[in-house]
There are 2 protein chains.
Amino acid sequence: MTSGDQLKSLGLKVTGPRRKILSLFEDTDRSHLSAEDVYKTLLSEHEDVGLATVYRVLTQFEQAGILTRHRFDNDKAVYELNKGNHHDHLLCIQCGRVEEFYDPEIERRQKKIAADRGFRIHDHSLYLYVECLREDCPHRRHDGDAGEEES
Amino acid sequence: MTSGDQLKSLGLKVTGPRRKILSLFEDTDRSHLSAEDVYKTLLSEHEDVGLATVYRVLTQFEQAGILTRHRFDNDKAVYELNKGNHHDHLLCIQCGRVEEFYDPEIERRQKKIAADRGFRIHDHSLYLYVECLREDCPHRRHDGDAGEEES
DNA sequence: TTTTGTGCAAAGGCTTTGCAGTAAC
DNA sequence: GTTACTGCAAAGCCTTTGCACAAAA
């Protein structure tokens, strides 16, 4: 199924901005993108899309279940492609690196803790803030960030 | 140790706003308060404190380790008294209720997951979003919220 | 043609900051 | 008397919204 078909099947018109944003998420190696990341990336590719449109499309995609939105600690919201595989996140507070993990036992305990109190888990990633053990954090700072690297 | 002594021992001048805000957290049954909650509560007690001061004091208290700041999903930041007891949070997406929990096994797994990838856990509460199982959520909506109940 | 989407600029919500007056030490 | 703190209003940051134009169906 092409991006276009996927959009149609959701009742969304197939427009330039929507197609470009969707492919951006499908192609990029950077799995978690903010509205500004998307905006700047499109600009750098000479795609003329307004920031407001980016916000609107990201919101629509989230509501359509294509993307998942995250609010990591202090930062702006970021989105990732929703592949249907529930997972949690490991966030390096030093380099901003994001890794995913899944631990069946943690899932089980969560469910039990909630159930014991009369609640049901609402699907949502856990955010696990960590710091790198080495002083020179070996992880690159945002692989190819579209953010604040002014020469 | 009085609130005043506690402030002095942190190198902070003992001022009206600081004392009032600190006692608010010590006395209230509502453990998690936003800046606006604090501001409105003080107003309702005829304490004349500016919102900017509330923000500044909350930030100072957090940096001093008196308070812990949380950013639950979409909401504004909330603070709770830092009693030194690490715990995680259960957040009802229906009624806004906040419960605390601590699960040694989850702690253990977190540590292991991080260590296996060369990270060390940075102390931070886990947020577990849940919904109540009964349709008529039995939990009151924000015990005595200082928020949006305009008659 | 009808409907939905888009860009721009303006506005919104939460938080921070500049500044001159004020209180703590 | 100094220095730190406060209140107010203004500004900042991220995000949303109003509106007229443009593109999709």
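Remember, it's a predicted structure, so these values are computed and weren't measured experimentally. Protein chains get the first letters and strands the later ones, always in sequence-line order, with residue 1 at the start of each.
Taking atom CD of Glu62(B) as the reference point, atom P of dT16(C) lies 10 Å away to the nearest angstrom. Following rounding to the nearest Å, Leu51(A) (CG) and dG7(C) (P) show an atom-to-atom distance of 10 Å. Atom CD in Gln60(A) sits about 11 Å away from atom C1' in dT6(C), given to the nearest Å. Across the protein-nucleic acid pair, Asp37(B) atom CG and dT15(C) atom P stand 10 Å apart, rounded to whole Å. Atoms CG (Leu33(B)) and P (dT15(C)) sit 13 Å apart, rounded to a whole Å. The separation between Arg19(B) atom CZ and dA23(C) atom P is 14 Å, rounded to whole Å. If you take CZ of Arg18(B) and C1' of dC25(C), they are 13 Å apart, rounded to a whole angstrom. Here dT15(C) presents its P atom at 6 Å from CZ of Arg69(B), a figure rounded to the nearest Å.
Note: Tyr127(A) and Tyr127(B) fail the aromatic proximity criterion, with ring centroids not under 6.0 Å apart. A centroid separation of 6.0 Å or more is found between the aromatic rings of His89(A) and Phe101(A).
Here Glu107(B) does not pair with Arg109(B) in a salt bridge; the nearest charged N to carboxylate O distance is not below 4.0 Å.
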Side-chain donor-acceptor distances from residues 45-52 of chain A under 3.5 Å, at least two apart:
{"from": "Glu47(A)", "atom 1": "OE1", "to": "Lys20(A)", "atom 2": "NZ", "distance (Å)": "3.2"}

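Side-chain atoms of Glu80(B) and His87(B) form a donor-acceptor pair, as typed in the model, at a separation below 3.5 Å. Remark: the His124(A) side chain and the Asp73(B) side chain contain an N/O donor-acceptor pair separated by less than 3.5 Å.
Which of dC14(C), dA24(C), dG5(C) sits closest to the side chain of Lys13(B) comes down to dA24(C).
DNA chain D is contacted by both Ala52(A) and Pro17(B); Pro17(B) maps to the nucleotide lying nearer its 5′ end (nearest heavy atom per residue). In terms of position on DNA chain C, the residue among Gly50(A) and Val14(B) whose nearest nucleotide sits closer to the 5' end is Gly50(A). Mapped onto DNA chain C by nearest heavy atom, Leu12(A) and Thr59(B) fall at different nucleotides, with Leu12(A) at the one closer to the 5' end.
Along DNA chain D, read 5' to 3', the first and last nucleotides having any atom under 4.0 Å from a heavy atom of chain A are dC14(D) to dA25(D).
Residue-level contact check: Arg56(A) touches the bases, meaning some heavy atom is under 4.0 Å from a base atom. Residue-level contact check: Thr53(B) touches the bases, meaning some heavy atom is under 4.0 Å from a base atom.
Each end of the helix from dT1(C)-dA25(D) to dC25(C)-dG1(D) gets its own axis, taken as the rotation carrying the C1' atoms of four end pairs onto the next four within a five-pair window, and the two axes meet at 30° to the nearest 10 degrees.
Residues Asp88(B) and Leu128(B) form no side-chain contact, since every pair of their non-hydrogen atoms from C-beta on lies 4.5 Å or further apart.
Here the options are Thr68(A), Leu7(A), Leu10(A), Leu81(A), the test is side-chain contact (heavy atoms from CB on, under 4.5 Å), and the partner is Phe61(A); only Leu7(A) passes. Evaluated for a side-chain contact (heavy atoms from CB on, under 4.5 Å) with Val54(B), the options Asp37(B), Ile21(B), Thr41(B) yield exactly one hit, Ile21(B).
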